[in-house]
Amino acid sequence: MNTFTRLEPITPDNVEAALALSVHPHQERNVAPVVKSLAEAYAFGEQAWPRLIVDGDRPVGFVMAFLDIPWNEQQDRADRRSGIWRLNIAAGSQGKGYGRFAVEAVRRELRRRGEQRLFVTWEPGEDGPGEFYRRLGFRTTGELSGGQTVGVLDV
């Protein structure tokens, strides 16, 4: 990772690069492909914040935040949350700090928007991203969302 690593909004100029990103085959069960994320971003409008992770001129990943969405309206209509909806680091770019960079960038964006907590969900299991998120300071909430572990980090 170099000092030119940044997040870019998804545009007509970079959408193909975003769609071409793929994780290691053994990780595919843990994270939806970018194409699904972009469809969800379209459907959720302003509540989705999709970004391409670029190092210099090379796309290395994709992150999408969710912003102020109702979490569990049946239990608590006032429970609205923001956090990381999706994080895909390209197979050849993993282990170089891009995931950490993306989490910190979303954290800064949520802080800028006045949020106090950043939520994330992940597939449980040894080959899932749970350990990655715990190393970054996320703590589990004891909740499950769609069968996934829910983690939270103070912003």
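Keep in mind that the numbers below use all heavy atoms, side chains included, and drop hydrogens, waters and symmetry copies.
- Here Asp79 pairs with Arg81 in a salt bridge; the nearest charged N to carboxylate O distance falls below 4.0 Å.
- Across every non-hydrogen atom of Glu109 and Trp49, the tightest pair is CG-CZ2, 3.6 Å.
- Residues passing the salt bridge (charged side-chain N to carboxylate O under 4.0 Å, His left out) test with Glu28: none are found, sequence neighbours excluded.
- In this structure, Arg111 places its CZ atom where more than 12 heavy-atom neighbours from other residues, nucleotides or ligands lie under 6.0 Å away.
- Connection of Tyr133 to Val106 is established within a shared hydrophobic cluster, with ILVMFWY side chains joined at heavy-atom distances below 4.5 Å, either directly or through further cluster members.
- Between the side chain of Asn14 and the backbone N or O of Pro9 there is at least one donor-acceptor pair closer than 3.5 Å.
- Put simply, the side chain of Phe119 does not reach to within 4.5 Å of the side chain of Phe138, judged on heavy atoms.
- The line from CG of Asn72 to CD of Gln74 is 5.5 Å long, rounded to the nearest 0.5 Å.
- Transitive grouping of hydrophobic side chains (ILVMFWY, heavy atoms separated by less than 4.5 Å) brings Trp71 and Trp85 into a common cluster.
- Residues Phe132 and Val103 have side chains in contact (heavy-atom distance under 4.5 Å, counting atoms from C-beta outward).
- Not a single donor-acceptor pair under 3.5 Å links the side chain of Thr140 to the backbone N or O of Gly142.
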Under 3.5 Å, which donor-acceptor pairs do the side chains of residues 17-27 form with other protein atoms, sequence neighbours left out?
unit_1	atom_1	unit_2	atom_2	d
His24	NE2	Ala91	O	3.2
Gln27	OE1	His24	N	3.0
Gln27	OE1	Gln94	NE2	2.7
Gln27	NE2	Gln94	OE1	3.0

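- When all heavy atoms are compared, the tightest approach of Pro50 to Leu38 is CB-CD2, 4.2 Å.
- With sequence neighbours left out, Glu115 forms a salt bridge (charged side-chain N to carboxylate O under 4.0 Å, His left out) with no residue at all.
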Would you list the atom pairs, donor with acceptor, under 3.5 Å between side chains in residues 148-155 and any protein atom, with sequence neighbours excluded?
unit_1	atom_1	unit_2	atom_2	d
Gln148	OE1	Thr121	OG1	2.6
Gln148	NE2	Glu123	OE2	3.0
Asp154	OD1	Arg139	NH2	3.4

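- The closest side-chain heavy-atom distance from Ile53 to Arg51 is not below 4.5 Å.
- Phe44 is connected to Val15 through a chain of hydrophobic side-chain contacts under 4.5 Å among Ile, Leu, Val, Met, Phe, Trp and Tyr, so both are in one cluster.
- Looking at heavy atoms from C-beta onward, Trp122 lies out of side-chain contact with Asn30 at the 4.5 angstrom threshold.
- Take Arg6 and apply the salt bridge (charged side-chain N to carboxylate O under 4.0 Å, His left out) test, not counting sequence neighbours, and it matches Glu8.
- Residues Val120 and Leu7 fall within the same hydrophobic cluster, defined by Ile, Leu, Val, Met, Phe, Trp and Tyr side chains chained together at heavy-atom separations under 4.5 Å.
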Enumerate, atom names and distances included, each donor-acceptor pair closer than 3.5 Å involving a side-chain atom of residues 57-70, sequence neighbours excluded.
unit_1	atom_1	unit_2	atom_2	d
Arg58	NH1	Ser93	OG	3.3
Arg58	NH2	Tyr98	OH	3.3
Asp68	OD1	Arg80	NE	3.3
Asp68	OD2	Arg80	NE	3.4

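- Leu52 has its side chain within reach of Ile10: a pair of non-hydrogen atoms, C-beta onward, lies under 4.5 Å apart.
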